[in-house]
Amino acid sequence: MFPNDLYALCDRSLLKRFEIDLDGFLSIAQRFGAKIIQYRNKSGEIEEKKRDIRYLRKRWDGILIVNDELALASLCDGVHIGQEDLHNVLDSFGIHSKNEAVTIIKKLYGAKMVGLSTHTLQEIQEANELDLEYVGLGAYRSSITKDVQYVLGERLSEIALQSKHKVVAIGGIRLFEPIENVWLRAIGSDLLIKGLTFA
């Protein structure tokens with residue numbers, strides 16, 4: 001029985017490492033019942049990212065989120081940002097309110113959904129004051145694909161209870177590993193490994 005709480009990370013660097021193209025990723029994500037796909041591409045040019053997102057949009061009827069790229073949010077259902085991205089919006093527009101920053105992301109960049117990464121109880125409490133559609137919370141464990149400052153482990157489920165937003169568990173999560181008190185679990189490399197294993 002496959003889990004039904006999958007937030008699938010379509011990470012271009014991981015796809016390259018595992019030699020999987022976008023069609024192969026979509027096949028894996030659909031096979032494991034993904035609810036959301038998040039596209040991330042830290043090194044590609046903007047035109048490549050647009051091309052990928054349009055390709056995914058045509059072939060994926062579910063929710064499509066882009067990571068970090070505010071300029072591409074209108075091509076998707078929304079954008080997932082980190083704490084530093086939120087601060088960049090504050091600096092760029094010369095504002096001091098995080099709620100104003102979220103409003104700008106929605107109205108100026110056309111993001112219908114905004115998700116924000118959080119790592120501590122304090123960040124969850126701050127996020128409770130913002131007009132977000134969900135928060136990412138983690139990392140659940142350290143990961144070989146990303147440097148993480150906060151590893152929450154089992155505390156993630158306790159902190160998630162303090163969020164008024166839906167919580168997506170992030171960071172080093174494995175496909176067949178249930179986590180309590182979260183809406184979805186974001187999975188990248190382990191999804192591809194299991195996808196190839198169960199091919």
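One-based numbering along the sequence shown. FYI, side chains are in, hydrogens and waters are out, and symmetry mates aren't considered; it's all heavy atoms of this structure.
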**Message:** Check this for me, if you would: do Glu158 and Arg155 make a salt bridge, where the nitrogen-to-carboxylate-oxygen distance has to be below 4.0 angstrom?
**Reply:** no

**Prompt:** Leu156 and Ala169: which non-hydrogen atoms are nearest, and at how many Å?
**Reply:** CD2-CB, 4.0 Å

**Asked** Looking at side-chain heavy atoms only, is the closest gap between Ile173 and Asp190 below 4.5 Å?
**Response** no

**Request:** Say whether Ile81 and Tyr150 are linked into one hydrophobic cluster, either directly or through other cluster members, by side-chain heavy-atom distances under 4.5 angstrom.
**Result:** no

**Item:** Note, Asp5 side chain near Trp183 side chain (heavy atom, < 4.5 Å)
**Value:** no

**Request:** Verify the cluster assignment for Ile193 and Tyr140: are they in a single hydrophobic cluster under the rule of side-chain heavy atoms below 4.5 Å apart?
**Result:** yes

**Prompt:** Got more than 12 heavy atoms from elsewhere within 6.0 Å of NZ, Lys16?
**Reply:** no

**Message:** If hydrophobic clusters are built from ILVMFWY residues whose side chains come within less than 4.5 Å, do Phe176 and Leu9 share one?
**Reply:** no

**Prompt:** Would you say the side-chain atoms of Glu133 pair up with the backbone N or O of Val114, donor to acceptor, closer than 3.5 Å?
**Reply:** yes

**Donor-acceptor pair, side chain of Thr118 and main chain of Glu123, under 3.5 angstrom** = no

**Message:** Any non-hydrogen side-chain atom of His119 less than 4.5 Å from a side-chain atom of Leu152?
**Reply:** no

**Message:** Using the rule given for side chain to side chain contact (heavy atoms under 4.5 Å, CB included), can you reason through Ile187 versus Lys194, listing the C-alpha separation, both sets of side-chain angles and the distance that settles it, and then say yes or no?
**Reply:** CA-CA 11 Å; Ile187 304 175; Lys194 297 298 191 301; over 6 Å; no

**Message:** Side-chain heavy atoms nearer than 4.5 Å, only ILVMFWY residues, links allowed to pass through others: does that put Tyr134 and Val102 together?
**Reply:** no

**Thr103 (side chain) donor-acceptor with Asn99 (main chain) under 3.5 angstrom** = yes

**Message:** Has Arg51 got a side-chain atom pairing as donor or acceptor with Arg54's backbone, closer than 3.5 angstrom?
**Reply:** no

**Asked** Do Leu175 and Leu6 have side chains that get closer than 4.5 Å, going by heavy atoms?
**Response** yes

**Prompt:** Same cluster or not: are Leu70 and Met113 linked, directly or through other Ile, Leu, Val, Met, Phe, Trp or Tyr residues, by side-chain heavy atoms under 4.5 angstrom apart?
**Reply:** no

**Message:** side chain to side chain contact (heavy atoms under 4.5 Å, CB included), that's the test. Do Ile63 and Lys35 meet it? Break it down for me.
**Reply:** CA-CA 7 Å; Ile63 296 171; Lys35 307 295 185 195; over 6 Å; no

**Request:** For the residue pair Arg185 and Glu177, establish whether any side-chain heavy-atom pair is separated by less than 4.5 Å.
**Result:** yes

**Asked** Can a donor-acceptor pair be found between the side chains of Asn67 and Lys42 at a distance below 3.5 Å?
**Response** yes

**Message:** Can you give me the closest heavy-atom contact between Leu14 and Ser189, atom names plus distance?
**Reply:** CD1-N, 3.6 Å

**Request:** Flag the pair Leu161 / Val167 as yes when at least one side-chain heavy-atom distance between them is below 4.5 Å, and no otherwise.
**Result:** no

**Asked** Only one of Ile65, Ile37, Leu64, Leu56 forms a side-chain contact (heavy atoms from CB on, under 4.5 Å) with Cys76, so which one is it?
**Response** Leu64

**Request:** Check each of Arg40, Lys49, His80 against Glu69 using the side chain to side chain donor-acceptor pair (under 3.5 Å) test, and report the only one that passes.
**Result:** Lys49

**Asked** Where do Gly82 and Ser117 come nearest, in terms of heavy atoms and distance?
**Response** CA-CB, 4.2 Å

**Prompt:** Can you name the nearest heavy-atom pair linking Gly62 to Asp77, along with the distance?
**Reply:** O-OD2, 3.7 Å

**Prompt:** Any chance CG of Asp61 has more than 12 other-residue heavy atoms, nucleotides or ligands included, within less than 6.0 Å?
**Reply:** no

**Message:** So which atom in Ile95 and which in Val89 form the shortest heavy-atom distance, rounded to 0.1 Å?
**Reply:** CG1-O, 4.4 Å

**Message:** What I'd like to find out is whether the side chain of Leu116 reaches to under 4.5 Å of the side chain of Gln83, using heavy atoms alone.
**Reply:** yes

**Prompt:** Does CD in Glu180 sit with more than 12 non-hydrogen atoms of other residues, nucleotides or ligands closer than 6.0 Å?
**Reply:** no

**Asked** Can you check whether Lys106 reaches Tyr109 side chain to side chain, under 4.5 Å on heavy atoms?
**Response** no

**Request:** Heavy atoms only: give me the nearest Arg12-Asn41 pair and the separation to one decimal.
**Result:** CG-ND2, 3.4 Å

